[in-house]
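First comes the structure, then the notes that go with it.
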Amino acid sequence: MNSPEPRHAKGSLLMQTQAPGSPAGSAAREAALFQLADAARILGLDDGMHAVLASPRRSLTVSVPLLRDDGTVEVFKGYRVQHNLARGPAKGGLRFHPETDVDEVTALAMWMTWKCAVVNIPFGGAKGGVTLDPNRLSAREVERVTRRYTSEILPLIGPERDIAAPDVGTDNGTMAWIMDTYSVNAGYSVPGVVTGKPLTLGGSAGRAGATARGVVIAALAALRDAGRSPEECTAAVQGFGKVGGLAAQYLSDAGIRVVAVSDAIGACHHDSGLDIAALRRDLAAEAITVAEFEGGQPITHDELLTLDVDILVPAALSGVFDESNADRVKASLIVEGANGPTTPAADQIFADRGVVAVPDILANAGGVIVSYLEWVQNLQAFSWSEEEVHLRLRNLMDIAYSEVASISRERGITLRQAAHVLGVGRVATAARLRGMYP
Ligand code: GLU
């Protein structure tokens, strides 16, 4: 297993750029800055370049007033952060979640910058968020919030400026409303302002399952590196949403025994493997939660994370692995479907224990890869078949995985450090070539 670089103190830059916010948000931002500082040290970046890369290029906070169905008015906070544009237009999802804040969105925007660079697609990184619980609102209310948020961030977005996509709490319907709001204001249809749209509005074949497909491509590549075959491996998947549900399905299609999965409410387990297709069918057909699935026994979230499995796929929110549970994780391979699931403290514990983590900015890049393919198709008013999209996705994921794995081997650093060395290094090179204006 790769041994990590020695522990090092958090730099003063980290302290200076810390902004007050929710504990989860500031922990995510702290983690992103810690990972950048680590990569800057390994790459030998000068302090000026490090400072540029640590600072978001633009950050817009907006108030989003909503006329509720009952006639009352509620005001939500929204954000769009463009972290870095050195390699191309800003790209990144939009999150609706009650705990999101500007710190979390800033961290997620920074991770998008490195993610796009790791898989070598010509985008900078961005993220958006609105602090709200979409489950508490009616569908019409969510639509009104989406449209008002879009109109508040209009000056920042556009197919050459900043392209949104689904993230936690948003989906292809949300993207349709953003595309419509932008297009009505422009006076003509602009499909390229968002990706992850419905197919009929210019969405790409293969986008819905792209993140999950990429997660499984990364998992299989890591198994190959470890000399293990899928058929001899078991997996647990934390989160059964857009990423986790399909990741469980594709893992099982690849011959891996998926023995446990969870959603926000609970988890279920079956030693000889869950029938994921049946579970997905039951969830779609009935109002049940994962823990109520008849084909498994309910277990707790903590039990799922510490199950004796080979592969663990976190596919929900950030900060899942920390110093309270990292030493109890029994899986030897973690493949990060979520953004930021592993805190730096947990990362150090994993590295010390020889647990391999395929980092978020590589493992879950399948989504933004197919977003890139969707954007290219939109700009050309052209569409590729699902097979062509799958092929291009696989190709870009395989190249990125093998580049990261060879940096990890050559430098004796973890896959997360190697992915950051690749991504941060590419962005720093682009920034250096462009030079400083004025
Ligand atoms: N929200 C996804 C991510 O975190 C997709 C972003 C995109 O397609 O722009 O990678």
Side-chain angles (χ1 to χ4, degrees), residues 28 32 79-85 87-97 100 104-130 153 156-159 161-172 174-175 178-179 191-198 202-204 206-215 217-218 239 241-244 246-247 314-318 335-341 358-378 389 392-393 396-397 400 419 423:
Y79 317 94
R80 185 73 187 173
V81 177
Q82 297 177 349
H83 169 253
N84 187 287
L85 309 178
R87 301 183 74 256
K91 184 81 191 79
L94 168 63
R95 171 171 295 206
F96 287 169
H97 193 272
T100 200
E104 184 189 54
V105 173
T106 303
L108 291 162
M110 188 182 285
W111 284 324
M112 283 307 303
T113 301
W114 317 142
K115 192 186 300 186
C116 293
V118 166
V119 295
N120 214 1
I121 56 177
F123 287 135
K127 204 75 168 199
V130 182
I153 64 160
L156 288 192
I157 61 173
R161 293 166 188 266
D162 184 349
I163 305 111
D167 196 84
V168 173
T170 58
D171 58 17
N172 60 359
T174 324
M175 296 306 113
I178 297 176
M179 180 232 167
V193 67
V194 286
T195 57
K197 298 177 289 294
S204 177
R207 176 61 183 87
T211 309
R213 206 168 279 276
V215 165
I217 292 170
K242 294 188 292 284
V243 178
L246 282 173
L317 296 170
S318 65
V335 188
E336 296 182 344
N339 290 311
V358 186
D360 44 10
I361 59 170
L362 170 62
N364 71 35
V368 76
I369 288 175
V370 178
S371 277
Y372 164 63
L373 299 176
E374 179 171 332
W375 179 73
V376 168
Q377 292 169 84
N378 292 157
V389 170
R392 286 169 199 269
L393 165 63
L396 287 170
M397 281 298 298

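Counting convention: from 1, in listed order, for ligands and their atoms alike. These figures come from a predicted structure and were not determined experimentally.
Taking every heavy atom of Gly93 and a limit of under 4.0 angstrom, the matching atoms of ligand 1 come to 1 (N), 6 (C). Proximity to Val368 (heavy-atom distance under 4.0 Å) selects the following atoms of ligand 1: 7 (C), 8 (O), 9 (O). Each of the atoms 9 (O) of ligand 1 lies under 4.0 Å from some heavy atom of Gly92. Using a 4.0 Å cut-off to heavy atoms of Lys91, the atoms of ligand 1 that qualify are 7 (C), 8 (O), 9 (O).
Here the side chain of Asn378 pairs a donor or acceptor atom with the backbone of Gly202 at under 3.5 angstrom. For Thr170 (side chain) and Leu94 (main-chain N/O), a donor-acceptor pair under 3.5 Å exists by modelled atom type. Put simply, the side chain of Glu374 never gets that close to the backbone of Val370: no donor and acceptor are under 3.5 Å apart.
If you look at Asn339 next to ligand 1, the close heavy atoms, those under 4.0 Å, all belong to the side chain. Residue Ala164 does not touch ligand 1, judged by heavy-atom distances below 4.0 Å. Under 4.0 angstrom from ligand 1, the non-hydrogen atoms of Arg207 all belong to its side chain.
Residues Asp167 and Asn339 meet the side-chain proximity criterion, which asks for heavy atoms closer than 4.5 Å. Using a 4.5 Å heavy-atom threshold, the side chains of Val368 and Met112 count as touching. Side-chain contact between Trp375 and Pro89 is present, with heavy atoms from C-beta onward closer than 4.5 Å. Looking only at side-chain heavy atoms (C-beta outward), Arg95 and Glu104 come within less than 4.5 Å of each other.
Atom 8 (O) of ligand 1 has its closest protein heavy atom at Ser371 OG, 2.6 Å. At the shortest separation from atom 1 (N) of ligand 1 among protein heavy atoms lies Asp167 OD1, 2.8 Å. The protein non-hydrogen atom at the shortest distance from atom 10 (O) of ligand 1 is Lys115 NZ, 2.6 Å. Ala165 CB, 3.3 Å is the protein heavy atom nearest to atom 7 (C) of ligand 1.
When Asp360, Asn364, Leu362 are each tested for a side chain to side chain contact (heavy atoms under 4.5 Å, CB included) with Lys115, only one passes: Asn364.
Polar contact with ligand 1: absent for Met112 (N/O pair, distance under 3.5 Å). Between Lys127 and ligand 1, at least one pair of N/O atoms sits closer than 3.5 Å.
At least one heavy atom of Pro166 sits less than 4.0 Å from an atom of ligand 1.
Atom CE of residue Met397 and atom CD1 of residue Ile369 lie 5.5 Å apart, to the nearest 0.5 angstrom.
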